[in-house]
There are 2 protein chains.
Amino acid sequence: MIAHAQPELTKNQALVFGSLSDAGGPLTAYAILDLLRENGFRAPLQVYRALDKLVEYGMVHRLESLNAFVACSHKGCAEHGTAAFAICEICGDVSEFTPDEVIKLLKEWTQAEGFTLARTTIELRGTCRDCISQPN
Amino acid sequence: MIAHAQPELTKNQALVFGSLSDAGGPLTAYAILDLLRENGFRAPLQVYRALDKLVEYGMVHRLESLNAFVACSHKGCAEHGTAAFAICEICGDVSEFTPDEVIKLLKEWTQAEGFTLARTTIELRGTCRDCISQPN
DNA sequence: GGAAGTGGTGTTATATTATTACATACTTTC
DNA sequence: GAAAGTATGTAATAATATAACACCACTTCC
């Protein structure tokens with residue numbers, strides 16, 4: 001369990017986090033940029049810099065296999081362990097979960113190997129229950 | 001356990017696979033392109049098309065968090081389960097392993113959720129034993 | 001034999017994702 | 001108020017990936 005500070009966000013960070021929260025799903029950096037143009041955003045770097053901080057604070061996760069970002073699904077983004085993601089390739093829905101037992105096993109492997117773990121990416125691609133049951 | 005066919009590779013596929021095998025580590029598509037210019041490669045698509053097939057055959061893995069590709073570490077690329085990767089951020093070394101117990105737990109989660117799993121990405125970022133012990 | 005299908009290739013152009021470099025401004029601390 | 005640290009704005013460019021189209025080799029099937 002890692003406790004993340006809940007710092008005051010700057011204006012840009014708050015705008016980016018707001019976009020992701022409102023979206024309720026993953027957005028690419030450029031999609032966020034387009035959403036925020038009316039708020040004065042003009043360049044990708046404004047988005048990327050905010051995202052860097054939000055990821056550092058644990059409030060946003062990066063989905064490596066999508067090159068996209070998603071707001072952490074924990075309310076208030078309270079402390080929690082390493083997250084995993086199930087990504088539906090039909091509807092784009094992303095489910096975040098916290099597979100503590102999996103993380104424990106992976107940590108055991110790293111300790112046996114002498115590997116110092118900094119960051120863990122677990123992403124499952126497939127089809128969610130809804131999209132399987134209604135194949136249209 | 002999934003048995004991958006070991007098809008005859010086309011010329012381009014063999015060249016790309018050879019580059020990755022020789023490299024003994026991850027390469028980006030554009031790094032491969034540069035290595036193969038002397039073999040007549042001229043465009044990224046020649047690399048990406050070969051990589052697509054090699055990944056499909058299970059002979060090459062894509063490292064999502066690096067946007068890079070690595071030859072499968074199993075000799076002859078025999079049948080094996082889902083792979084995971086530990087990536088050293090100092091020396092760039094990549095260790096492939098097969099965490100069967102982890103995969104089993106993740107599969108249990110997907111079955112409970114009704115999620116149909118197509119592809120699993122597990123990537124650990126950190127520092128390998130060698131780079132921790134000799135901090136230069 | 002020829003038509004149609006399939007898969008690989010070559011090439012140009014373009015789309016998408018991310019960073020470098022530099023200038024400016026604001027805040028905190030001493 | 002000078003110094004240090006952090007946030008911002010902007011332009012340019014780098015790095016990664018795909019679309020579109022033409023051509024060729026091979027098969028298969030009538």
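Reminder, nothing fancy here: chain letters follow the sequence lines and each chain counts from 1.
Under the side-chain contact (heavy atoms from CB on, under 4.5 Å) criterion, A68(A) pairs with P26(A), T28(A), L66(A), not counting sequence neighbours. D34(B) meets the side-chain contact (heavy atoms from CB on, under 4.5 Å) test with R37(B); sequence neighbours excluded.
Put simply, CG on L27(A) is 15 Å from P on dT16(C), counting in whole angstrom units. Note: CZ (R62(A)) to P (dT17(C)) measures 10 Å, nearest angstrom. One can place CD of E64(A) at 13 Å from C1' of dT17(C), the figure rounded to the nearest angstrom. Rounding to whole angstrom units, CG of residue L51(A) and P of dT17(C) are separated by 13 Å. Straight-line distance from the CD atom of E8(A) to the C1' atom of dT28(C): 16 Å, rounded to whole Å.
Neither OP1 nor OP2 of dT16(C) sits under 4.0 Å from any side-chain N or O of N67(A).
You'll find the side chain of T82(A) stays beyond 4.5 Å of the side chain of L106(A), heavy atoms only. Between V16(B) and K53(B), every side-chain heavy-atom pair lies at or beyond the 4.5 Å cut-off. By the 4.5 Å heavy-atom criterion applied to side chains, L51(A) and I32(A) are counted as neighbours. Within the 4.5 Å cutoff, no side-chain heavy atoms of E123(B) are placed close to those of E64(A).
Read 5' to 3', the first and last nucleotides of DNA chain D with an atom closer than 4.0 Å to a heavy atom of chain B are dT16(D) to dA20(D).
Using the six-membered ring where Trp is involved, W109(A) and F97(B) have ring planes that are parallel, under 30° apart on the 30 and 60° scheme.
Separation of atoms CG (L36(B)) and CG (L15(B)) is listed at 5.5 Å; rounding is to 0.5 Å. Note: S21(A) OG to M59(A) CE = 7.5 Å, rounded to the nearest 0.5 Å.
A rotation axis mapping the C1' atoms of four pairs onto the next four is fitted at both ends of the helix from dG1(C)-dC30(D) to dC30(C)-dG1(D) over five pairs, and the angle between these axes is 30° to 10 degrees.
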Report all side-chain donor-acceptor pairs from residues 86-94 of chain A shorter than 3.5 Å, counting only partners two or more places apart or in another chain.
residue : atom : partner : partner atom : Å
E89(A)  : OE2  : R125(A) : NE           : 3.2
E89(A)  : OE2  : R125(A) : NH2          : 3.4

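In this structure, the side chain of Q46(A) engages the main chain of A43(A) through a donor-acceptor pair within 3.5 Å.
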Close N or O pairs between protein and nucleotides 10-14 of chain C (under 3.5 Å):
residue : atom : partner : partner atom : Å
dG10(C) : OP2  : N12(B)  : ND2          : 3.0
dG10(C) : OP2  : Q46(B)  : NE2          : 2.5
dG10(C) : N7   : R49(B)  : NH2          : 2.4
dG10(C) : O6   : R49(B)  : NH1          : 3.2
dG10(C) : O6   : R49(B)  : NH2          : 3.3

